[in-house]
Amino acid sequence: MPTYQAPRGMRDLLPAEAAAFDALQAVIQARALRYGYPRLGTPIVEDAQVFLRAVGETSDVATKEMLEVSLHGAGGLVLRPEGTAAVTRAYLEHGLHRSPQPQRFFYFEPMFRGQRPQLLRYRQFWQWGLECYGAAEPGADLEQIEFTAALLAEVGLTEYTLKVNTVGETAAQPKIRQALKEYFERYRAELDDDCKARLDSNVLRIFDCKNPNDRKIAQGAPKLRDLVSDADKTHFAAVVDGLDRLGVAYEVDERLARGFDYYTRTVFECHLTNPAFTKAGEIAVAGGGRYDGLVRTMGGPDTAGVGIAGGVDVLYYALKEQGVAVAEEPRADVYVLSAQSDDGADRLQLAGPLREAGFSVAIDYSTRSLERQLESAVKHGAKVAVIRGTPEARGGNVIVRDLAKKVQRVTRLAAVVVEVGRHVPKRPKPRLESGPNPDEHEPGAAGEGPYLGDGEKE
RNA sequence: GCGGCGUUAGCCUAGUGGUUAAGGCUCCAGAUUGUGGAUCUGGCGACACGAGUUCGAGUCUCGUACGCCGCCCCA
């Protein structure tokens, strides 16, 4: 009787999907580390003001789409709706703005939104993200865009397009909004109700309108690129030029504007292009941009910043749609069976050395017939059965049976680990500390010079 | 948050006012505890929840929850 259900828009990650998420996190986090972005964790709950300040109090996120948390009746806390504001809060709270700049961070966390769920828009969703503080140069923008392109290529996502645009520096934004407002104000009577509202709330969003007539009006609007400052133009030109040189495919989309107020200059998004997703409008698998005014808005010094966030759920389903195998539900490779009854501890003792050696081992504790136990082992996906039969147990032996090849041999207890190793691989054991990288080539093989200490001359 | 459409067992499906709600898959247990995915036999298990209409509701009406789609918005 399904009396209890997961809350609306939230779902369980069953082992297969959880394994896929783990695999995605491992790939993304390893790349982040390679780019010099260590992971930073922030609480799932934050003071609502953190986000209200950052994203702009008028945006919809602020007004109605955050999930509030009640703590003994006191309000003011919300479930984290996005990463950038939270990471920025941590950056300032811990004085990281007084550490050598730039500071780079990676995160991989669940986020929450309050709207009704739709295709790939859950109330709890996972995002990975990068933040870089204290680098105003276009190279920092490029770094993150290149990261994303390389990441998506690594995991095998091909059905997407990268769009880039510039929305101008902080100082230029009021002027830009003013110019657009003046333009659209002339057509106010012709705009549909939604766009009339956008005219007052967020003019930039009129460019996203689906109404054909409004689109026509929007085509004649002043171009963002003409409205931004000369410095903005130089910055954007450097980004675009860099993408060309790096061989990253992109489109300049004059209409691209992101939802949060904190974006300045470069904005970018990766949109899915598979029809299964475009039918639901534009779904972004990653997106981000520069936020040169955010740190100051949050109470810190004038600090440039740039960030990107990607949807893990979106990426996972997009890969599935493309037929990319992500990860399988992990199964125990080895099953321990026994014909003896009440020998649970013996079965555990049998499994122990195998587990310590790195094999994944599950145990059948039942007293069912060997036939049943073998059937169960196969159904659970085991590749090898270690069978404790009566005569073998008496002689200190077990049977190691390869369930796929249907071959087996009697093995001394001391040799079980070696014998099992002939049929299935060990799982990598994680370590608490990582050691130094081994040198992968002979010294001098790449034509490098000898090591010299300070003061030595070649 | 607004609107439309849905919800029968773990999964898929039948059942449009009248016995005890049917079937397939899965799962569990057996087919005399030494060798497996098959087969056979048996078993567990559902009308999302709550009201209402009716002699009688899985079936009609309303509300709630959840899902899908659209809108708003997009992280």
Side-chain angles (χ1 to χ4, degrees), chain A residues 1-11 14 51 54-55 58-67 79-86 107 109-129 192-195 197-198 201-202 205 208-211 257-260 262-263 269 271 279-289 307-314 335 337-341 364 366-385 387-393 399-408 410:
Chain A
M1 184 86 82
T3 312
Y4 297 107
Q5 299 171 275
R8 163 172 279 188
M10 304 191 183
R11 67 202 203 287
L14 298 180
F51 304 108
V55 306
T58 56
S59 82
D60 261 56
V61 175
T63 53
K64 64 175 186 193
E65 299 192 347
M66 290 196 287
L67 285 172
L79 257 25
R80 172 186 51 207
E82 64 110 33
T84 301
Y107 63 84
E109 310 264 5
M111 307 287 169
F112 301 84
R113 52 158 79 92
Q115 341 151 254
R116 267 171 80 159
Q118 252 174 276
L119 180 66
L120 290 187
R121 299 177 64 178
Y122 301 105
R123 282 189 168 172
Q124 177 177 353
F125 55 105
W126 278 260
Q127 285 198 327
W128 62 268
D192 68 18
D193 289 346
D194 290 337
C195 285
R198 285 166 170 158
S201 58
N202 189 353
R205 291 237 76 97
D208 285 346
C209 189
K210 284 165 193 149
N211 182 311
R258 308 211 75 226
F260 296 149
Y262 57 61
Y263 283 108
E269 272 182 12
H271 290 141
K279 72 177 162 81
E282 300 216 297
I283 292 185
V285 69
I308 185 159
V312 179
D313 314 73
V314 176
Y335 242 73
L337 281 48
S338 174
Q340 324 302 305
S341 49
D364 190 327
S366 75
T367 54
R368 297 181 290 183
S369 65
L370 282 181
E371 182 180 13
R372 283 283 92 91
Q373 293 188 49
L374 273 165
E375 184 183 347
S376 176
V378 168
K379 284 186 174 171
H380 281 96
K383 298 183 181 68
V384 164
I387 306 166
R388 188 160 184 268
T390 308
E392 290 82 8
I399 300 166
V400 174
R401 177 173 179 83
D402 188 312
L403 294 169
K405 292 184 189 143
K406 303 197 180 205
V407 297
Q408 66 184 38
V410 175

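Letters A, B, ... mirror the listed sequences (proteins, then strands); counts begin at 1.
- Every ring-ring contact (aromatic ring centres under 6.0 Å, His included) that A:Tyr335 has, sequence neighbours left out, goes to A:His380.
- Of all nucleotides present, none satisfies the Watson-Crick or G-U wobble test against B:A38 with each distance under 3.5 Å.
- Of the residues near RNA chain B, A:Ala339 and A:Phe112, the one whose nearest nucleotide (by heavy atom distance) lies more toward the 5' end is A:Ala339.
- The distance between atom CZ of A:Arg116 and atom P of B:G3, rounded to the nearest whole Å, is 8 Å.
- The separation of B:U13 from B:A75, taken at their C1' atoms, amounts to 39 Å, rounded to a whole angstrom.
- Nearer the 5' end of RNA chain B, as judged by each residue's closest nucleotide, is the contact made by A:Thr390, out of A:Ala6 and A:Thr390.
- The gap from the C1' atom of B:G58 to that of B:A9 amounts to 14 Å, rounded to the nearest Å.
- Going from the C1' atom of B:C55 to that of B:G43 covers 37 Å, rounded to whole Å.
- Annotation: side-chain hydrogen bond (donor to acceptor under 3.5 Å, both in side chains) contacts of A:Arg388 (sequence neighbours excluded): A:Asp343.
- Across the strands present, B:C66 finds its partner in B:G6; the criterion is a Watson-Crick or G-U wobble pair with both atom distances under 3.5 angstrom.
- Counting non-hydrogen atoms under 4.0 angstrom, A:Gly83 reaches nothing in the nucleic acid.
- Residues satisfying the salt bridge (charged side-chain N to carboxylate O under 4.0 Å, His left out) test with A:Glu371, not counting sequence neighbours, are none.
- What separates CZ of A:Arg8 from P of B:C69 is a distance of 13 Å, to the nearest Å.
- Between the side chain of A:Glu269 and the base of B:C74, no donor-acceptor pair under 3.5 Å is found.
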Tabulate protein N/O versus nucleotide N/O from nucleotides 36-40 of chain B, keeping only pairs under 3.5 Å, one per line.
residue: B:G36; atom: N7; partner: A:Arg401; partner atom: NH2; Å: 3.1
residue: B:G36; atom: O6; partner: A:Arg401; partner atom: NE; Å: 3.3
residue: B:G36; atom: O6; partner: A:Arg401; partner atom: NH2; Å: 2.6
residue: B:G36; atom: O6; partner: A:Leu403; partner atom: O; Å: 3.4
residue: B:G36; atom: N1; partner: A:Leu403; partner atom: O; Å: 2.3
residue: B:G36; atom: N2; partner: A:Leu403; partner atom: O; Å: 2.9

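- A:Ile399 comes within contact range of at least one nucleobase, with a heavy-atom separation under 4.0 Å.
- For the C1' atom pair drawn from B:G52 and B:A14, the interatomic distance equals 28 Å after rounding to whole Å.
- Spacing between atom CE of A:Met66 and atom C1' of B:C72 amounts to 17 Å, rounded to whole angstrom units.
- Put simply, the side chain of A:Arg401 reaches to within 4.5 Å of the side chain of A:Lys406, judged on heavy atoms.
- In this structure, B:C27 forms a base pair with B:G43, meeting either the Watson-Crick or the G-U wobble geometry with both donor-acceptor distances under 3.5 Å.
- To the nearest whole angstrom, the two C1' atoms, one in B:G15 and one in B:G23, are 11 Å apart.
- With a 3.5 Å ceiling on both atom-pair distances, the Watson-Crick or G-U wobble partner of B:G52 is B:C60.
- A donor-acceptor contact shorter than 3.5 Å is absent between the side chain of A:Arg113 and the backbone of A:Arg123.
- Separating the CE atom of A:Met10 from the C1' atom of B:C66 is a distance of 13 Å, rounded to the nearest angstrom.
- Atom name C1', nucleotides B:C44 and B:U33: the rounded distance is 24 Å, in whole Å.
- Shown here, B:U33 forms no base pair; nothing in the strands shown gives a Watson-Crick or G-U wobble contact with both key distances under 3.5 Å.
- Side-chain contact between A:Trp126 and A:Asp313: present, with at least one pair of heavy atoms (C-beta onward) separated by less than 4.5 Å.
- Comparing B:U41 with B:G50, their P atoms sit 38 Å apart, to the nearest whole Å.
- Among the protein residues, A:Ser341 comes within range of no part of the nucleic acid, since none of its heavy atoms lies under 4.0 Å from any strand.
- Nucleotide B:C71 has B:G1 as its partner under the Watson-Crick or G-U criteria, with both atom distances under 3.5 Å.
- Not one N or O on the side chain of A:Glu269 forms a donor-acceptor pair closer than 3.5 Å with the backbone of A:Gly287.
- Evaluation of the salt bridge (charged side-chain N to carboxylate O under 4.0 Å, His left out) rule for A:Arg8 yields no partner, not counting sequence neighbours.
- Rounding to whole angstrom units, CG of residue A:Leu119 and P of B:A75 are separated by 16 Å.
- Across the protein-nucleic acid pair, A:Arg123 atom CZ and B:C73 atom C1' stand 13 Å apart, rounded to whole Å.
- For A:Thr390, the side-chain hydrogen bond (donor to acceptor under 3.5 Å, both in side chains) test picks out A:Gln340, with sequence neighbours left out.
- Taking atom C1' in both B:G4 and B:U53, one finds a spacing of 25 Å when rounded to whole Å.
- Counting non-hydrogen atoms under 4.0 angstrom, A:Glu392 reaches a base of the nucleic acid.
- Of the candidate nucleotides B:C66, B:C72, B:U33, B:C72 has the atom nearest to the side chain of A:Arg121.
- Counting any heavy atom pair closer than 4.0 Å across all strands shown, A:Gln373 reaches no nucleic acid atom.
- For A:Gln118, a side-chain nitrogen or oxygen approaches OP1 or OP2 of B:G70 to under 4.0 Å.
- Under the Watson-Crick or G-U wobble criterion, with both distances below 3.5 Å, B:U16 is left unpaired in every strand shown.
- Whole-Å rounding puts the A:Leu14 CG to B:U26 C1' distance at 16 Å.
- Put simply, the side chain of A:Met66 does not reach to within 4.5 Å of the side chain of A:Arg80, judged on heavy atoms.
- Per the geometry, CZ belonging to A:Arg368 stands 11 Å off P belonging to B:C27, to the nearest Å.
- No N or O donor and acceptor, one from the side chain of A:Gln5 and one from the base of B:C66, sit under 3.5 Å apart.
- Considering only side-chain N and O atoms, A:Arg113 lies nowhere under 4.0 angstrom from the phosphate OP1 or OP2 of B:A75.
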